[in-house]
Amino acid sequence: METAATENKKNIYRTLCEEITGQDTGKEFTLKGWVMRYRDHGGLVFIDLRDYSGVMQIVFDENIKGESFKTAKKLKNEYVISVTGAVRNRPGGTENPHLKTGKIEILANALQILNTCETLPFQIEEETEVNEFTRLKYRYLDLRSKRLKDNLIFRSKFTYLIREFLNNRGFFDIETPFLTKSTPEGSRDFLVPSRLNHGHFFALPQSPQLFKQILMVSGFERYYQIVRCFRDEDLRADRQPEFTQLDMEMSFVEMQDIISVTEELFAGIFEKLLNIKIGLPFKALDYEEAFDKYGSDKPDTRFELIITCLSDIFTNSSLNVFKNALSTGGTIKAICFPNGSNLLSRKDIDDLLSAVKDFGGKGLAWTKVGENNSLDGGISKFINDEEKASLIKRLAAKNGDIIFYQADTKKTANTVLGRLRLYLAKKYNLIPENRFDLLWVVNFPLFEYSDEEKKLVSVHHPFTSPAKKDIAILETDPLSVKSDSYDLVLNGEEIGGGSIRIHNPLLQEKIFKILSISPEDARLKFGFLLDALSFGAPPHGGIAFGIDRILMLLRNENSIRDVIAFPKTQKAYCPLSDAPSPVKDAQLKELGIRLYDTANKNIKK
RNA sequence: GGGGCUGUAGUUCAGACGGUUAGAACGCCGGCCUGUCACGCCGGAGGUCGCGGGUUCGAUCCCCGUCGGCCCCGCCA
C-alpha cells in the first residue's frame, strides 16, 4: 500500500515529510510535526521529525547562524515543532536504508517550538509491548505509532472504496435510527431511557435489519450504510460492544445477485488495497459439507487436515468406544496429521487429550502410521488388517503421519475434530501467511431445534426466506428445510452474512407458526415491519459485513481493537474517557429511574 | 455464569525457603560529545511490590477476599 502522503498529493497547506524526495535537494521547506527521536552530538543535533506521512531527519549545526541550534538543544521527545531548512543529500555512508527519506535530510535554519510534551507514560514505537490498558488510557499516544496509524488510514481507504463502488452501482447511503425499538430476539440490547416517556426505553440497534427492509418497501431498491451496531454481549478479541457493519439491501434480487455484487466489491478492494487478485466466483461450501469436512460453519480452508468419515470401515470394530458410538447412532471420524509422528512427542499427544476434552470430546484415540502402511501405538492393536488398509487409503495416510479419531455423535465428532484441526494448525504453523481464502457457506438450514427453549428457532432470523424447493415440506419436515441465506468466510472468520427475505405475508405467518411465535407476539415485536410488508413489499434480500473483522484480517492483527480508533476493554470499559461511569441523582430523577441496591453507592451526589 | 494466564520504578521485566538498603534495561533529570539514526560516554533521581484483611516477631512473597487486564467456553437471531 502506498503511504498516505505519497498517494495524496493534494496537500494544500503544507509539505509533508515523505513528499520530499531526492529531486528536491537545494529547495527550502517548512516541515511541522513531532520530535520522534533526538540525538545530540554536541555541535550537531539530529532529530527524526514525524508527521502523519512519515519521518524526515533534520540536522541542526552550531555553525549555522541564528537561534535554531540553541533552540534545538531544548528539544525533547514529542515536542511539536515547525522547522525550516534546505534539503540536501546525506554525506556518503550515512544514508539510512530503513527510512523512506533516508538518503536526504534537512539542514535547519529556523526552528519554532509549537508545543512541549510531558514525560510520556510509554515510549511510542517501543519494541517491547506495553500493557494494553495503559495504551488505551493514552490512546492518542498509541495512535501516533506507525502501526495503528497505518491501520486507521487503511480503514479510511477501505470504507472509501466501498462507498465509491456502491455509489457507482446505484446504491444509496441512507441513515437509520440509533434510537429505536428494543426487540427481544437476538442479542441483548443496549437500552436508552426516554425522558419524555418515563418507563419507556429506546434500544440501540443490533443492526439496521428491520429499517433496511422497510426502505425496500419504500422503493429505494439499493441501500447501503456503513453503520455502527450495538450488542450488549460479552467481549472477545473479535467482538466489541459497538462495531461497524457494511449493511446492504437490494430489491428484485435473488441470492446470486447479492453474491455477485459482493464478489465484485471484494475482488476490487483486494486488488486496489492489497494488490491481490481474487478468482471469481469465490469458492462455496454447503453448510453440511463445511461441518462434515471442517467441523465448523466458518471453515478455515487455508490448510488441509480434512475431517473424514470412517464409520463404514469400522462397522465390525473390536474397539468398544467405536462399537458403542456406532450402535447408538454415532459416527467415527478422523483427521490425518501429516508428519505428526515427528512433530509430536508422546507427551504432546497426551496434552492433546486435555485440549480435546476442553473441546467437548470424551477422549482422543490415535494411531501413528509406520512404514509399509502399518499402524503403531494408540489404538492400533484394535484395528485389523482390512480396516487398516481401508482407512490408510481413504485418509491417504503416509509413513510418519498421526491419525486422530473421534467416535461420538456426528455433531460432537465434527466440532471436536474441527477445533482440534485449528488447534494443531496454529500450534504447528500449518497456516500459510499472507493468504486470503474467501469462501461462501450456503444452504444453511432454516431452523434448528433449541434445547434451551424446547422449540424450533431460526438459524438466521425469522424473516429469512426458505429455499423455494423446500417450501412444500415447511410444515411436514421443517428441520430439512434449507434457507436462502449465505455467509462469507475469510480465513476461518465469519465476516458477513445475509439472506433473501420473506416478502409474502402468508409465508411469513407460516414461519412464525413453526417458530411458535403467536400472531399477537409477532405483532408486538415486529408489527411495523409486518405492516410494511403488507403494503406492496418487493422481493428483496441483503447482506451485512463486519468491517472491523475484515480489517483485522487484512491488517494481520489479532484483535479488532487494533483497527478501531477508540476501543473498549473486555469489560466494555473505556480507559480513555472513563466510560461508563455513575451519573448524578438529578439526571436519573429526570429519567424517572431509581437504582437498585449496590449500584446506589456509586452515585455522585 | 465458567476455565486459563496475569498485576513489582514512567515502561518492559527480574527477584527472594518469609528476614538488613527490592534489582536490570529503556525512559526521565544533569553533564560531555560534529555524522548519528534504538547514537555513545559519565553521573543522578525515581517503588503504598493492584487494593483490603488474615497468619507470623516480621508479608511484595503464604492464606482469604476484592479490583483491574488479556485469551477462551457459554452468550453474540
Side-chain angles (χ1 to χ4, degrees), chain A residues 36-49 55-64 69 73 76-78 88 90-99 101-102 105 107 117-138 141-142 183-189 206-207 209-210 229-241 243 354-355 357-360 415 419 422-423 444 446-448 450 452-453 456-464 483 485 494 497-499 515 517 525-526 544 546 558-559 561 568-571 573 575:
Chain A
M36 191 168 88
R37 270 191 195 100
Y38 176 88
R39 295 179 292 277
D40 186 343
H41 286 242
L44 202 59
V45 171
F46 300 95
I47 65 162
D48 294 336
L49 182 76
V55 177
M56 174 68 75
Q57 173 163 287
I58 315 289
V59 189
F60 298 92
D61 191 319
E62 65 181 340
N63 299 317
I64 301 293
F69 183 80
K73 286 280 187 181
K76 297 185 194 307
N77 281 340
E78 299 304 312
R88 69 178 186 192
R90 296 195 189 186
T94 66
E95 297 91 351
N96 183 349
H98 304 297
L99 283 186
T101 57
E105 62 189 11
L107 180 62
C117 179
E118 296 289 311
T119 300
L120 297 164
F122 57 87
Q123 290 313 108
I124 294 162
E125 308 280 10
E126 198 171 47
E127 309 282 306
T128 48
E129 224 167 280
V130 177
N131 175 312
E132 192 167 1
F133 189 87
T134 311
R135 286 170 37 211
L136 289 178
K137 183 169 179 185
Y138 302 96
L141 295 180
D142 208 18
T183 51
E185 306 273 310
S187 73
R188 195 178 293 115
D189 284 326
Q206 299 166 20
S207 79
Q209 183 62 38
L210 302 185
C229 300
F230 305 87
R231 295 181 188 175
D232 190 4
E233 297 292 346
D234 288 356
L235 275 47
R236 290 280 197 287
D238 63 350
R239 283 192 230 156
Q240 282 275 299
F243 60 98
S354 66
K357 285 189 172 158
D358 285 345
F359 301 158
T415 43
R419 290 183 59 184
L422 291 173
Y423 180 89
F444 281 81
L446 186 62
F447 307 110
E448 64 188 346
S450 162
E452 208 172 301
E453 298 175 59
L456 293 179
V457 295
S458 297
V459 169
H460 196 56
H461 60 57
F463 316 109
T464 302
S483 66
S485 67
E494 184 196 328
S499 64
L515 292 170
I517 298 174
K525 289 174 177 171
F526 329 106
N558 290 319
S559 163
R561 294 188 297 275
K568 293 177 177 59
T569 68
Q570 200 169 49
K571 285 197 74 183
Y573 173 73

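Order of the sequence lines fixes the chain letters, A, B, ..., with proteins taken first and strands second; residue numbering starts at 1 for each chain. Atom set for the values below is all heavy atoms of this structure, side chains included, hydrogens, waters and symmetry mates excluded.
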Rounded distance in Å - CD (Q123(A)) to P (A9(B))
16 Å

If a protein heavy atom is under 4.0 Å from the base, mark B; if only from the sugar-phosphate, S; if neither, -; do that for nucleotides 69-76 of chain B going 5' to 3'.
SBBSBBBB

Nearest-Å distance for atom pair CZ/P, residues R135(A) and U12(B):
10 Å

Listed partners of F69(A) passing ring pair (Phe, Tyr, Trp, His ring centres under 6.0 Å), at least two apart
none

Does R188(A) have any side-chain contact (heavy atoms from CB on, under 4.5 Å) partners at least two apart in sequence or in another chain, and if so, which?
D232(A), E233(A)

Closest heavy-atom contact between R90(A) and Q57(A)?
NH2-CB, 3.2 Å

Taking the six-membered ring for Trp, are F526(A) and F463(A) parallel (under 30°), tilted (30 to 60°) or perpendicular (over 60°)?
perpendicular

Output one letter per nucleotide in nucleotides 29-38 of chain B: B when a protein non-hydrogen atom lies under 4.0 Å from the base, S when only the sugar-phosphate is that close, - when neither is.
S---BBBBBS

Atom-to-atom span, CE of M36(A) to P of G27(B) - whole angstrom
14 Å

Residues E78(A) and M36(A): closest non-hydrogen pair is OE2-CA, 4.1 Å

Over all strands shown, is V457(A) touching base, sugar-phosphate only, or nothing at heavy-atom distances under 4.0 angstrom?
nothing

Between C1' on G4(B) and OH on Y423(A), what's the gap in Å once rounded to a whole number?
12 Å

Rounded distance in Å - NZ (K137(A)) to P (G7(B))
20 Å

Counterpart residues, ring pair (Phe, Tyr, Trp, His ring centres under 6.0 Å), relative to F447(A) (two or more places apart):
none

side-chain contact (heavy atoms from CB on, under 4.5 Å) filter on T134(A), not counting sequence neighbours, yields F122(A), V130(A), N131(A), Y138(A)

Who pairs with A25(B) - Watson-Crick or G-U, where each distance is under 3.5 Å
U11(B)

Between G58(B) and C42(B), how far is it from one C1' atom to the other, in whole Å?
40 Å

Closest heavy-atom pair, N77(A) versus C117(A), reported as atoms and distance to 0.1 Å, is O-CB, 3.8 Å

